[in-house]
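All remarks here apply to the structure that follows.
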Amino acid sequence: MRHIVLVGLSGSGKTTLGRMAAERFSMPFVDLDRAIAERAGMSIPEIFKSQGEGYFREMETEATMEALSREAPSVIATGGGVVLRRRNVDAMRESGCVVFLDRPVENIARDILSEDGRPLVTGAESLYEMERRRRGLYLAAADTALPNSGNLEDAADRLAEVIGAELRPEGFSVIGDPIGHTLSPAIHGAIFDELGLDAPYNAVRIPARRLADYAETARRSDMRGFNVTIPHKTAIIPFLDEVENEAALCGAVNTVTVRGGRLTGYNTDMGGLLESLGSSGRGYRGEDILLLGAGGAARG
């Protein structure tokens, strides 16, 4: 199991949810801001005021590397600006499952703008600007984006599902790299609710070097299947036991079932496109078609 690394704006719930998750799974909990303050012998605002942001970022990187070097998998709550340094992001992605706690900025503003001691957050305008500049960095760094827009217990349950998938894969998932942008968990979660299906669906970042290991893990797990997105729709094929005819025809797989320890690949992009075109009420036979894109979905 990898470390569980929580990223997001200050006020997104990293410390609160991280501590709850660590307790639920009996894992060590590391709050990087607290570790930095203890090492410096002063609070974070005092570090910013007396030493400057550059000094703090150096300490933040040191604390990040130290936390990630722990042998025991831990839940790590990072500071809001940890993604500003590429070295931090590379290390977190290498050693951890990075979870972006995606809390609406207006909710954060309502909670923290009346509090003191939040460096770099001086008002609503500053907070919204910070969210605009950092959101793309959070998504690029993350294995999965976890909405935190409502009940705290609901968010804790969703985080527990992510950690549970690391401990013992089950249910369903979507794999890719990057993966933080995907809407698949929200889409499938809504469909599962409609069908009355009680099963987790998680987004998991799998670098190319881990693709073979993931396929073997899925084969031996309680998983029922997984979706495949960029850049693995073609690369996954050699690690499957069987490939359905349409997927073999286009050379791309976006859906894998796990049955009896066997992995079977399918392509639903073809059927989905045909159904969409057919439902438009017009015919396309004999017409020229311009296809934008050259990836796995375009192959379909």
Side-chain angles (χ1 to χ4, degrees), residues 2-18 29-40 42-70 74-109 111-113 115-148 159 177-181 203 205 207:
R2 299 174 291 175
H3 297 296
I4 304 298
V5 185
L6 307 181
V7 301
L9 287 173
S10 295
S12 60
K14 300 185 297 291
T15 299
T16 301
L17 289 173
F29 174 67
V30 180
D31 184 329
L32 289 188
D33 277 354
R34 181 174 180 178
I36 293 169
E38 290 179 350
R39 179 175 299 181
M42 63 181 80
S43 68
I44 302 299
E46 289 173 338
I47 296 174
F48 269 75
K49 184 176 181 179
S50 64
Q51 304 295 332
E53 182 179 356
Y55 180 82
F56 172 79
R57 296 300 173 202
E58 286 293 333
M59 294 194 68
E60 183 176 55
T61 295
E62 291 178 9
T64 300
M65 301 306 160
E66 182 177 316
L68 293 173
S69 68
R70 290 169 172 247
S74 307
V75 178
I76 303 171
T78 66
V82 72
V83 294
L84 297 176
R85 285 196 171 187
R86 184 69 198 184
R87 182 185 174 192
N88 297 340
V89 173
D90 289 344
M92 292 188 301
R93 287 170 60 88
E94 179 68 27
S95 303
C97 172
V98 183
V99 181
F100 168 35
L101 294 184
D102 189 8
R103 190 176 185 215
V105 67
E106 57 270 19
N107 292 10
I108 298 175
D111 288 349
I112 73 171
L113 291 184
E115 300 177 5
D116 296 325
R118 298 273 185 173
L120 302 185
V121 178
T122 57
E125 184 176 349
S126 173
L127 185 64
Y128 279 87
E129 174 63 18
M130 186 180 296
E131 196 272 345
R132 187 191 66 78
R133 288 187 287 106
R134 293 182 181 179
R135 182 175 181 81
L137 298 176
Y138 293 138
L139 288 171
D143 290 275
T144 187
L146 191 156
N148 180 20
L159 180 56
D177 186 20
I179 200 66
H181 64 282
R205 182 181 64 86

Do D31 and K14 meet the salt-bridge criterion of a basic N to acidic O distance under 4.0 Å?
no
Considering only NZ, NE, NH1 and NH2 on the basic side and carboxylate oxygens on the acidic side, decide whether K49 and E46 come within less than 4.0 Å.
no
Determine yes or no for a side-chain-to-main-chain donor-acceptor pair under 3.5 angstrom, with [X] supplying the side chain and [Y] the backbone.
X	Y	result
H3	S95	no
D143	V98	yes
R103	G11	yes

Report yes if the side chains of [X] and [Y] come closer than 4.5 Å at any heavy-atom pair, otherwise no.
X	Y	result
M92	I76	no
V75	L159	no
V82	R57	no
D102	Y138	no
D33	F56	yes
T78	E60	no

[X] [atom1] to [Y] [atom2] distance, which is reported to the nearest 0.5 Å:
X	Y	atom1	atom2	answer
R34	F29	CZ	CZ	9.0 Å
I36	S43	CD1	OG	12.0 Å
I179	L139	CD1	CG	11.5 Å
E106	E131	CD	CD	8.5 Å
L127	L9	CG	CG	6.0 Å
L32	L68	CG	CG	8.0 Å

Listed by chain and number, what are the side chain to side chain contact (heavy atoms under 4.5 Å, CB included) partners of P207, not counting sequence neighbours?
D177, R205, R209, R210
Between V83 and A141, what is the shortest heavy-atom contact and its length?
CG1-CB, 4.3 Å
Can you name the closest pair of heavy atoms from G13 and N148 and give their distance?
CA-ND2, 4.3 Å
Set of residues satisfying side-chain hydrogen bond (donor to acceptor under 3.5 Å, both in side chains) with respect to E58, sequence neighbours excluded
R85
Give a yes or no on this: more than 12 heavy atoms of other residues, nucleotides or ligands lie within 6.0 Å of atom CZ of R87.
no
Could you tell me which residues satisfy salt bridge (Lys or Arg N to Asp or Glu O under 4.0 Å) with R39, sequence neighbours excluded, listed by chain and number?
E62, E66
Decide yes or no on side-chain contact (heavy atoms from CB on, under 4.5 Å) for R93 and V5, but give the supporting numbers first.
CA-CA 9 Å; R93 287 170 60 88; V5 185; over 6 Å; no
